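Following: one structure in structure tokens, then a few remarks.
Since this is a predicted model, take the numbers as computed values, not measurements.
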Amino acid sequence: MTTPAMSTAPAEQRSGGREARRRARTGRATGAVHRPYIVRGIPTYDVMSEENLLRIEQTADRILAEIGIEFRDDPVALDHWKRAGADVDGVLVKFEPGMLREILKTAPAEFTQHARNPANAVRIGGRNVVFSPAYGSPFVMDIDQGRRYGTIEDFRNFVKLAQSSPWLHHSGGTICEPVDVPVNKRHLDMVYAHIKYSDRGFMGSVTAESRAEDSIDMARIVFGEKFTDENCVILGNVNVNSPLVWDATMTTALRAYARANQAAVIVPFILGGAMGPVTNAGAIAQSLAETMAGCALTQLERPGAPVIFGNFLSSMSLRSGSPTFGTPEPAIGSMVVGQLARRLNLPLRCSGNFTTSKLPDAHAMNEGTMSMLAAVHCGANFILHSAGFLDGLLSMSYEKFVMDTDFCGALHTYLDGVKVDDNQLALDAFREVGPGNHFFGCAHTMGNYETAFWDSEIADNEAFEKWEAAGSEDAAIRANKRWKKALAEYEEPALDEGIDEALRDFMARRKSSMEDAWY
């Protein structure tokens, strides 16, 4: 396996003084990634017994064998299932117990998604954790302009903010919908923005097979056809039409990524009480059945293609019918899904920084923290929606994006666990300080103070009087200033001129081949 050499990492900004020293302590040099991904130093948490895990797996097997899943308007997918030995009746497919698990044995347990800057490649699976921005909001929001439809300028801004954060590892996908660009052409502008303004891994379009293929073709321009055929360089996030339906829009996109040896992220969206049962165990069993079927289809298209086992459990208000996010039932459900994914030996995408709050407030951070910690503890390897999710995913918030990336920074330290060595045990410090004295100025403290604690970028840790005298700013106001500063200081990563020209030419030819379509 070779590594592409199509660009170089962006140069670090250098500035003097206290701010530069603080950035050096925390790995916050503009444009640089503190580390390309996290290797967890704490264990995953198994919350469900073996007996109950088996009951859920058996229920999923019965759903697959007795009720089945529909694969609509995709005769190629149905032919795959027939050849694999499934029971195909029209568009309804039923599976004998164990069949899908056998097919899934060819899927890799761990793989690398390469980035155009090789230093930013991410390893997905195993003990690795990758944070990626939120995905799919039609609206954007900030304190200054309020809630509005997203534009391509907003899209580029969020790509730049993600690139500028050392606490995210991935550029994401449809960070917001740029509604000022025609529906049938906006995927070209979005993929180009990821390539142009970031040098990290990114996601492509899944809204039509042709758009998935366009996304992969643009990746081929960056990485080369041979390298792309042999390595994962782009992801596609596809959703089941729950309950128990895979439609052609998703299966054709799924198969496009798989046959190109690129990773599809297979995700049911189960809103308890609407697209699935209100009971957690039943929703988990449904999720397992739907996800296994989608993951297995990638292996029928191309055995050995990378695939990510995804999950998106959610709840709803049974009084109003409105979706709810960041609630405890899906959070603990994610923990069980993590156990099930590990039993299948597949990389996991699970949970994220979810909330139904309409503002970047305490409500938002309470719900986001619950769901994000569930993702961390359940063993998720690729965490989509790590930053910016607001308003039940209808809005992408500039302020919450910054608040969430700050929390992702804290999670880097949390996931490291507790290191134990002679320096960490600090016996020399105890000898120097002795009983009844303080450690503030001792040699051990002076030798470790720059790296001892994670340093928040937006928290205010000053005394009340000093905070009040400075204007009594809350976290959202501080975040507003921070994202503006990040955009002002953003430096575009170098991109080979020949590659840039080839991408622009590809986009121009594809756009000229079709009339604008707005739906």
Side-chain angles (χ1 to χ4, degrees), residues 22-23 26-28 30 33-34 38 129 131-137 139-147 150 154 157-172 175-176 325-326 331 351-376 383-415 453-462 467 470-490:
R22 186 179 70 84
R23 285 209 305 261
T26 58
R28 286 196 168 111
T30 300
V33 184
H34 185 65
I38 301 168
V129 182
F131 293 148
S132 182
Y135 181 114
S137 300
F139 299 99
V140 298
M141 183 187 298
D142 63 60
I143 289 175
D144 306 293
Q145 300 181 66
R147 188 177 189 251
D154 290 309
N157 282 345
F158 281 114
V159 172
K160 292 173 183 179
L161 288 173
Q163 170 74 7
S164 300
S165 172
W167 309 125
L168 295 179
H169 314 111
H170 201 272
S171 193
I175 303 184
C176 67
F325 295 96
S351 204
N353 207 312
F354 300 160
T355 182
T356 54
S357 178
K358 313 309 180 287
L359 294 171
D361 56 8
H363 174 193
M365 299 312 289
N366 282 342
E367 292 179 338
T369 299
M370 173 166 280
S371 56
M372 198 66 174
L373 285 177
V376 162
I383 305 181
L384 197 61
H385 305 307
S386 291
F389 188 120
L390 204 63
D391 187 22
L393 193 54
L394 290 175
S395 300
M396 187 72 170
S397 164
Y398 279 84
E399 285 79 26
K400 188 162 183 290
F401 190 93
V402 172
M403 295 163 75
D404 290 344
T405 56
D406 199 60
F407 183 51
C408 286
L411 290 174
H412 277 68
T413 298
Y414 186 80
L415 279 160
F453 301 122
W454 170 74
D455 189 9
S456 170
E457 209 159 44
I458 60 169
D460 187 306
N461 300 312
E462 301 291 350
W467 167 79
S472 306
E473 293 178 347
D474 64 14
I477 294 173
R478 295 193 295 271
N480 178 269
K481 292 181 177 180
R482 183 68 192 92
W483 69 256
K484 291 174 181 175
K485 182 174 185 288
L487 288 180
E489 295 178 350
Y490 165 81

Task: Lys160 NZ to Tyr490 OH distance, which is reported to the nearest 0.5 Å - done: 6.0 Å
Open item on the list: Using modelled atom types and a 3.5 Å cut-off, is there a donor and acceptor pairing between side-chain atoms of Asp142 and backbone atoms of Tyr398?
Closed with: no
- [ ] Please check if the side chain of Ser351 supplies one atom and the backbone of Ser371 the other of a donor-acceptor pair under 3.5 Å.
- [x] yes
Open item on the list: Whether the side chain of Gln163 engages the backbone of Ser171 through a donor-acceptor N/O pair (distance < 3.5 Å, no angle test) should be reported.
Closed with: no
- [ ] Quick one: closest heavy-atom pair of Gly352 and Ile383, and the distance?
- [x] CA-CG2, 4.0 Å
Task: Qualifying residues under salt bridge (Lys or Arg N to Asp or Glu O under 4.0 Å), relative to Lys484, sequence neighbours excluded - done: Asp144
Task: Heavy-atom check, side chain of Arg482 versus side chain of Arg478, under 4.5 Å - done: no
Task: For Ser132 against Gly172, the heavy-atom pair lying closest together - done: OG-CA, 3.3 Å
Task: Of Met370, Met372, Met403, the residue whose pairing with Met365 passes side-chain contact (heavy atoms from CB on, under 4.5 Å) - done: Met403
Open item on the list: Using salt bridge (Lys or Arg N to Asp or Glu O under 4.0 Å), reason through Glu473 and Lys481 one step at a time and then give a plain yes or no.
Closed with: CA-CA 11 Å; Glu473 293 178 347; Lys481 292 181 177 180; 2.3 Å; yes
Open item on the list: Is the ring pair Phe354/Phe325 parallel, tilted or perpendicular, if the boundaries are 30 and 60 degrees?
Closed with: perpendicular
- [ ] For the residue pair Leu168 and Phe401, establish whether any side-chain heavy-atom pair is separated by less than 4.5 Å.
- [x] yes
- [ ] Determine, step by step, whether Tyr414 and Leu373 satisfy the side-chain contact (heavy atoms from CB on, under 4.5 Å) criterion, reporting the C-alpha distance in whole Å, the side-chain angles of both residues, the deciding distance to 0.1 Å, and the verdict.
- [x] CA-CA 10 Å; Tyr414 186 80; Leu373 285 177; 4.3 Å; yes
Task: Ring centers of His412, Trp167 separated by less than 6.0 Å - done: yes
Task: Contacts of type side-chain hydrogen bond (donor to acceptor under 3.5 Å, both in side chains), residue Thr405, not counting sequence neighbours - done: none
Open item on the list: Applying salt bridge (charged side-chain N to carboxylate O under 4.0 Å, His left out) as the test, list every pair that has at least one member in residues 359-369; sequence neighbours left out.
Closed with: none
Open item on the list: Treating Ser456 as the side-chain partner and Ile458 as the backbone partner, does any N or O pair qualify as donor plus acceptor under 3.5 Å?
Closed with: yes
Task: Aromatic plane relationship, Tyr135 with His385 - under 30° parallel, 30 to 60° tilted, over 60° perpendicular - done: perpendicular
Open item on the list: Can you confirm whether Pro133 sits close enough to Phe158 that some side-chain heavy atom of one is under 4.5 Å from a side-chain heavy atom of the other?
Closed with: no
Task: Main-chain N/O of Phe139 paired to Ser137 side chain as donor or acceptor, under 3.5 Å - done: no
Open item on the list: Counting C-beta onward and ignoring hydrogens, is there a side-chain heavy-atom pair between Val159 and Ile175 closer than 4.5 Å?
Closed with: yes
Task: Considering all heavy atoms, the nearest Lys400-Ala364 contact - done: CE-CB, 3.8 Å
TODO: Using the test side chain to side chain contact (heavy atoms under 4.5 Å, CB included), find all partners of Asn366 that sit at least two apart in sequence or belong to another chain.
DONE: none
Task: Point-to-point distance, once rounded to the nearest 0.5 Å, from CD1 of Ile143 to CD1 of Ile477 - done: 6.0 Å
Task: salt bridge (charged side-chain N to carboxylate O under 4.0 Å, His left out) pairs, two or more places apart, involving residues 389-398 - done: Arg147-Asp391
Open item on the list: Could you check whether any side-chain heavy atom of Asn353 comes within less than 4.5 Å of a side-chain heavy atom of Ser386, counting everything from C-beta outward?
Closed with: no
- [ ] For residues Val402 and Trp483, report the shortest heavy-atom separation together with the two atoms involved.
- [x] CG2-CB, 3.5 Å
Open item on the list: For the backbone of Phe131 and the side chain of His170, can you confirm whether one donor and one acceptor N or O come within less than 3.5 Å of each other?
Closed with: no
Task: Residue list, side chain to side chain contact (heavy atoms under 4.5 Å, CB included) with Ala362, at least two apart or on another chain - done: none
Task: For the student: nearest non-hydrogen atoms of Ala476 and Pro360, plus distance - done: CB-O, 3.9 Å
Task: Leu390 to Leu359 - nearest heavy-atom pair and separation - done: CD1-O, 3.4 Å
